[in-house]
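Protein chains get the first letters and strands the later ones, always in sequence-line order, with residue 1 at the start of each. In this text, all values refer to a predicted model and were calculated from it rather than measured experimentally.
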There are 2 protein chains.
Amino acid sequence: MKQLEEKILADGRVLSEAVLKVDSFLNHQIDPALMQAIGEEFASRFKAAGVTKILTIESSGIAPAVMTGLLLGVPVVFARKRKSLTLTDGLYSAPVHSFTKNETNDISVSRDFLGKDDVVMIIDDFLANGQAALGLLDIVEQAGAACAGIGIVIEKGFQPGGKLLRDKGIRVETLANIKWMEPGHVEFYGEVPN
Amino acid sequence: MKQLEEKILADGRVLSEAVLKVDSFLNHQIDPALMQAIGEEFASRFKAAGVTKILTIESSGIAPAVMTGLLLGVPVVFARKRKSLTLTDGLYSAPVHSFTKNETNDISVSRDFLGKDDVVMIIDDFLANGQAALGLLDIVEQAGAACAGIGIVIEKGFQPGGKLLRDKGIRVETLANIKWMEPGHVEFYGEVPN
């Protein structure tokens, strides 16, 4: 997605060969018009997939997921990263390890909002090692729902998550797939490397 | 806002005289079309206020804030509830006590995204005791920015937060203001009780 790649080149900051900071438009400050464009792109790619629900994870997945949900006409559910006091039982949950933070948290989704008749599109802001996506897939499986595929805003194509998911036969649609990067430079794949 | 009040009556669940669960359309599952309508209402009320930035707090404030930001044509910044490893310095921060969870967390916003020239609209999902709103106002003050007012999706008008903020002279716009509630019943104020 050209608009997103240009935004990453203009406003992203590569802190190391593994860390891309996009907190000026995605992870902390959010550019709503860009989120709308991202939603249009995801909705266009998944419009024939029979999606009944979008599943994402708090917090940075919410904005692109809600814009996509608006255009596909389906609800969005965001997985929580820890259990809240008003949601103690009736949960699907899965462990997710964060290599960035070097910690494992449970993510959880209420059983009220995901069931066996759902066709779920998963959306997340980043795909690197694939741990969050695997946790969300685990929850979709626990619900007995079908997974229509995964929409990723930015994939670090040089990390193993994308291959791991695609090797499982899961449809992964990435809007900006980074081939490699270093401070001052980002290079994208021309296409998703399926 | 009639559409929101009807949604609360239809799908909200009053667990006690203080706890309203709206996780089927706002706090866990999100209704994107309702979020768009909420964004339209907030944007309409604040369109003449010269807003340059919307400030909210993760996670449930993000969806209504992004829809409002899209319509006002301004960026959204969400305060984080704990410091992340890639955002360790250059922060505004403030303590926020949650009576629901009986704990105090710091919320923080990068200094990169809020400054003295900003006119900030604060958006949050709930207003009860006003602690989150006071924390966000503290951050706006630390930035030397102006506050155009606060947009609240659901106010528990029987709790002290709304009066506390309005007594400070802050403009508070509430879309659904609950006069009282008990399991099976919710009654709204006809208008915002200024």
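- Phe78(B) has its side chain within reach of Ser60(A): a pair of non-hydrogen atoms, C-beta onward, lies under 4.5 Å apart.
- Neither Phe158(A) nor Phe99(A) shares a network with the other; the hydrophobic side chains, linked directly or stepwise wherever heavy atoms of I, L, V, M, F, W or Y lie under 4.5 Å apart, form separate groups for each.
- Here the CD1 atom belonging to Ile62(A) is positioned 8.5 Å from the CD atom belonging to Glu58(B), to the nearest 0.5 angstrom.
- Shortest non-hydrogen contact noted between Gly69(B) and Pro32(A) is C-CG, 3.8 Å.
- Interatomic distance, Ser59(B) OG to Ile57(A) CD1, rounded to the nearest 0.5 Å: 10.0 Å.
- Surrounding CZ of Arg13(B) are at most 12 heavy atoms belonging to other residues, nucleotides or ligands under 6.0 Å away.
- With a 4.5 Å cut-off on side-chain heavy atoms, Val76(A) and Gln29(B) do not count as touching.
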*Apply side-chain contact (heavy atoms from CB on, under 4.5 Å) to Met35(A) and Leu70(B), showing your working.*
CA-CA 9 Å; Met35(A) 295 305 118; Leu70(B) 181 67; over 6 Å; no
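- The contact between Val109(A) and chain B is made by backbone and side chain atoms together, counting heavy-atom distances below 4.5 Å.
- Residue Met181(A) is grouped with residue Met1(A) when hydrophobic side chains (ILVMFWY) are merged at heavy-atom distances under 4.5 angstrom, including chains of intermediate members.
- When heavy atoms are compared at a cutoff of 4.5 Å, Thr68(A) does not approach chain B at all.
- Taken together through direct or relayed side-chain contacts under 4.5 Å among Ile, Leu, Val, Met, Phe, Trp and Tyr, Leu15(A) and Trp180(A) form parts of separate hydrophobic clusters.
- In this structure, Tyr92(B) is a member of the same hydrophobic cluster as Ile150(B), with clusters built from ILVMFWY side-chain heavy atoms closer than 4.5 Å.
- Side-chain heavy atoms closer than 4.5 Å link hydrophobic residues (I, L, V, M, F, W, Y) into clusters, and following such links, possibly through other members, connects Ile122(B) to Ile170(B).
- Side-chain contact between Arg80(A) and His28(B): present, with at least one pair of heavy atoms (C-beta onward) separated by less than 4.5 Å.
- Interface remark: Asp112(B) contributes side-chain atoms only to the contact with chain A (heavy atom separation under 4.5 Å).
- Residue Glu17(A) qualifies as open at atom CD: its count of foreign heavy atoms under 6.0 Å is 12 or below.
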